[in-house]
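Since the structure is predicted, the reported quantities are computational estimates derived from the model, not experimental observations. Read the numbers this way: they start at 1 and go in the same order the structure lists the ligands and their atoms.
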Amino acid sequence: MIKADGKYFFLNTKNTTYAFKVMETGQLEHLYYGSLIDAEDGENLSEKRAFAPGNTVLYDNAHPEMTLEDVRLETSAVGKGDFREPMIEAICTDGSTSLDFIYDSYETFSGKKEFNTMPGSYGSKRDVETLNVKMVDANNGFTLILSYYVYADCDVISRSAKFINTSSEKVKLTRMLSMLMDFDHAGMKITSFHGKWTSEMNKSDTILSAGKFVNSSFTGTSSNRSNPFFMVSDTDATEISGSVYGYNLIYSGNHYGAVEVSPWEKTRVAYGINPRNFSWILEPSEEFEAPEAVMTYSAAGYRQMSLNMHEFVREHITRGNWKKKERPILINSWEAAYFDFTESSLVKLAKAAKKVGIELFVMDDGWFGERNDDKRGLGDWDIVNKKKLPSGLEGMAKKINDLGLMFGLWVEPEMINVDSELYKKHPEWAIDIPGKNHAEGRNQRILDLCNPEVVDYLIDVMSSVFSTPGLSYVKWDMNRNFSDYYSKYLPAEKQQEVSHRYVLGLYRLLKTLTERFPELLIEGCASGGNRFDLGVLCYYPQIWASDNTDAVSRLDIQNGYSYGYPQSTYTAHVSSCPNHQTLRITPMESRFAVASFGVLGYELNLNDAKSEDVASVEAQIELYKQYRKTLQFGDFYRLKSGIICEWSIVSRDKSQAVTMVMQREVQPNNPYLRIEQAGLDENAKYHFYGRKLEYNLKGFGDLVNTVAPIHIKQDGILHNVVAKFVKMPGETEDIKASGATLNNAGVKLAQSFIGTGYDDRVRYFPDFGARLYFTEKIDITE
Ligand code: GLA
C-alpha cells in the first residue's frame, strides 16, 4: 500500500515499511526501511538539526542546519555538498557537473508499466503498485523520475530511475544508477557472492564501519566474479533472526553496488549500472532508463529474506509458458562426448537415456560449421556439420523424438570465431578496435549487438534454428568476457555507450525470440554462472549454474545461489566420476541428492557407466518425478551448512517435504545427527522416512574379513564376486510426528558408522555421503 500526500511517502508491504519525505529544501529525505510502522508518525522519523557540522558545505544560506553530506537521501548527484557515492553524474554542455534535483510532483497507480528498453519485474494490478516521483534539476532543468514498485505480498520494493533531458542543450551522463538509500548507522555486515569459472557464488562477509565496499562487475556480463545479488544485515543476524536486507539488479551487464559509510556513521547503498567506461549522450527530449533494483527486508534473518526473494523471482521475474511448468529431466552431451560425437553415437546415448526415464536429450556444442574444437565455427549456425550429423538437424531431432524424447540444442549466438564463414562475410560485426591488437578469450570474439543489423541477423538465423521441427529446448551460452570495448557502428563520442547498448541489443534479441517461440524451454549459460542474473531470468526460467558438476563443490555453489534465487532457476547435473572439474570421486547417490535440489539433469556417458550406476540413475529418476513439483517449486530452507550441509524443500501447501543431508568429511566417532526441519505445518502430522538403499560391500574394504567365513583379499576376484551378490543393508528411518516436533525438536537419525559395528541400524556415511528424507502429511487419526 502506498500512502502519499506530497510531503510524506509511506510504502507498505505485508511486513515492511519504506518511508521518505520532501524536505524544506526540496530534496527527498529517506526516513525508514524496516518492519511495519505507522504512517502517521512521519514527523518523528527525521533527524532534528539546528546547525550543520563545521567544515561541511551548506546547501544554501537560508538553511544553516542543512548539509546534504549528513542527510539520509533517496537520490543524490554531485556539486551540492554531498561527498558520498552519487546516484547521478553528468557533464553539461557548459562543462559544469553540478546537479540539484528538487521535488516537483508524484503519481501513484495500481500495476506497473513496462520499460521501453529493458526487462523488469511485472505483476497484476493486485500484485504491485507504482509510485513515480518527479524531480527537476534546479541548475539545468533536467527531469529525474524516481520510481518505486511495491510488491506487498512478497515484501519486495523495487526501484528504477529515468533521466529526461528536458533542457535545451545536450548532456552527457557519466553515471546513472538505479537507487540510493541511506541507513542511519554503520557497522553493518555486507554479504556478497564472488567467484570464477567452476567456482561461483562463494559467500563472503564484510563488516563495514568506515570507507566503502563495492560489489561490481566489469566483464560485460553480470559475471561470476561478483553476482549482482548481495545483502546488508545486522552483524549478529542468523538464518532465523536479525535484520537482513537483500538487493539485486534486473540487469545482465556491468553492475555496481556500492556500500559506503559516512563520517557521521550513516551507511549508504547505491546500486545500478557500473559507471566505469560508461557514458550516455542525451540530446534535448531524449531519456535514459536505469534498470530496476530490487530490495527486500526481513526482520527474521536470512531465511525469510531468501523466501521473499524466491517468491518475487518466481512470481514477478520468470514468465512465459515454463514459469510454473515442471522442467524436464535432461541429458546433456557435453561431458559425455565433448566435441567428439556423431549422429549414431548420440542416438545411442539417447536410447540409454530413454531407458532410465530421461525426458529430454540435449546436443551440446559441436553440431555446426567446422566445430570440432573450440577454435572455429562460432557464427555458422546455418551450416550443420553433415560429417557428424548426416541427416541434418531435422533428421537428428526426428531420431530423438522417435525414441520418445524431447530434443534440445546448444547455441552461442552472441559470439563469432575469426575462423568462421560469418567472420569472412562480416568482420566488421565483431567487437574489436580497428588497427589495434585485440585481447582474446576462448578463441572467440563478441558480436557487436550495439549494431541493430547484427541483432536483426541473429533474430533471423536463430529463428531458423529454433524452427527446427521437434525442437523443444535451447541452451543459450555466452563464453567470453569483454575486452577492448569498441563498436565500429558507433561514433567516437559514443564508445562509452558500448557495454550498455550491447545489453539492450541482447534484450531486444531475447525478447523477439522468446515472443516468437513461446513453447521453447530456454536455459541460460555463460561458462556456467557468468551471467546469472534477474535480467536473463526475465527471458529464461533457468540457468546452468556452473560448469562444475562435482557434488561437494555444488554444495557451496547452490547454497550461494539459494540466498537470492529460487531453486527452479538453477540447473544441476549428475555426472561421472572422477569428476571432470575436480577429479573427486563422490557416491552416485550424493551426486543425485545435491543435483535434485536444483533442476535435475544428467551429463555423462550412460553407455560407459557401470550397470549398478545405471540402475541407480533409473531409480533416482523415478523418485525425482514423484517429488519434482515440490523439489522445483517448493520453499527452500537452508538448515545447516559446514561439514554437514542440510537443505529442505517444503511444498507450497506444506503437504510434503524433501530433506537432504550431506557430509563433506567423516568425523570419527561422531555425535548423533539431528535433522531439525523447517516450514512444516506445526498442527499437522507427518510421516518422515528415508530411502531404503543397499550399499556396496567394497565400501568397507578389508573389514569384510571381520564377518567373512573365509579370507577375502581386498579388491581381489573373490571380493568383486562377493560384492556383486552381497549388499550391505542401509539404515531405516521411519517415524510419525507432528510438524511442530519435526520443526522444533527434529528427528534423531540412526547412528552413523563409528568403527565398532555395522547393521541396518547404522548409517553407512563415508566422506561425501548424502541422504534424502521425505516427509508426507498424514491423516491426523493415523
Ligand atoms: C561452456 C558451457 C558448457 C558447454 C561448453 C561448450 O563452457 O558452460 O556447459 O556448453 O561451453 O563449448
With a 4.0 Å cut-off on N to O distance, would you call [X] and [Y] a salt bridge?
| X | Y | answer |
| --- | --- | --- |
| Arg445 | Glu440 | yes |
| Arg664 | Asp556 | yes |
| Arg508 | Asp456 | yes |

Taking the inter-plane angle between the rings of [X] and [Y] on a 0 to 90° scale, is it parallel (under 30°), tilted (30 to 60°) or perpendicular (over 60°)?
| X | Y | result |
| --- | --- | --- |
| Phe532 | Tyr570 | tilted |
| Tyr338 | Trp334 | perpendicular |
| Phe368 | Trp381 | tilted |

Taking atom 4 (C) of ligand 1 as the reference point, the nearest protein heavy atom with its distance: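 Protein heavy atom at minimum distance: Asp364 OD1, 3.4 Å.
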Return the residue, atom name and 0.1 Å-rounded distance of the protein heavy atom closest to atom 12 (O) of ligand 1.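 Checking every protein heavy atom, the shortest distance to atom 12 (O) of ligand 1 gives Asp365 OD2, 2.6 Å.
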When you look for heavy atoms under 4.0 Å from ligand 1, do you find them on the side chain of [X], its backbone, both, or neither?
| X | result |
| --- | --- |
| Cys525 | side chain |
| Asn479 | side chain |
| Arg442 | side chain |

N or O pair under 3.5 Å between [X] and ligand 1:
| X | value |
| --- | --- |
| Ala526 | no |
| Asp477 | yes |
| Arg371 | no |
| Trp197 | no |

Answer with yes or no after comparing the ring centroid distance for Phe229 and Tyr561 against a 6.0 Å cut-off, counting only values under it.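 No, ring centres 6.0 Å or more apart.
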For Lys475, state whether at least one heavy atom is located under 4.0 Å from any atom of ligand 1.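 Yes, that is the case, since the closest heavy atom of the residue is under 4.0 Å from the ligand.
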Which is closest to atom 3 (C) of ligand 1 by heavy-atom distance: Asp373, Asp374, Asp547?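 Nearest option to atom 3 (C) of ligand 1, by heavy atoms: Asp547.
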Please determine whether the number of non-hydrogen atoms from other residues, nucleotides or ligands lying under 6.0 Å from atom NZ of Lys325 exceeds 12.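 More than 12 heavy atoms, drawn from other residues, nucleotides or ligands, come within 6.0 Å of this atom.
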I need the single residue from Lys399, Lys388, Lys387 that forms a salt bridge (charged side-chain N to carboxylate O under 4.0 Å, His left out) with Glu343. Which is it?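 That would be Lys399.
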Quick check on contacts: which atoms of ligand 1 are under 4.0 angstrom from a heavy atom of Ser527?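 So the atoms of ligand 1 that pass are 8 (O).
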Atoms of ligand 1, numbered as shown, that sit under 4.0 Å from any heavy atom of Gly528: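 Once the distances to Gly528 are compared, the set is 8 (O).
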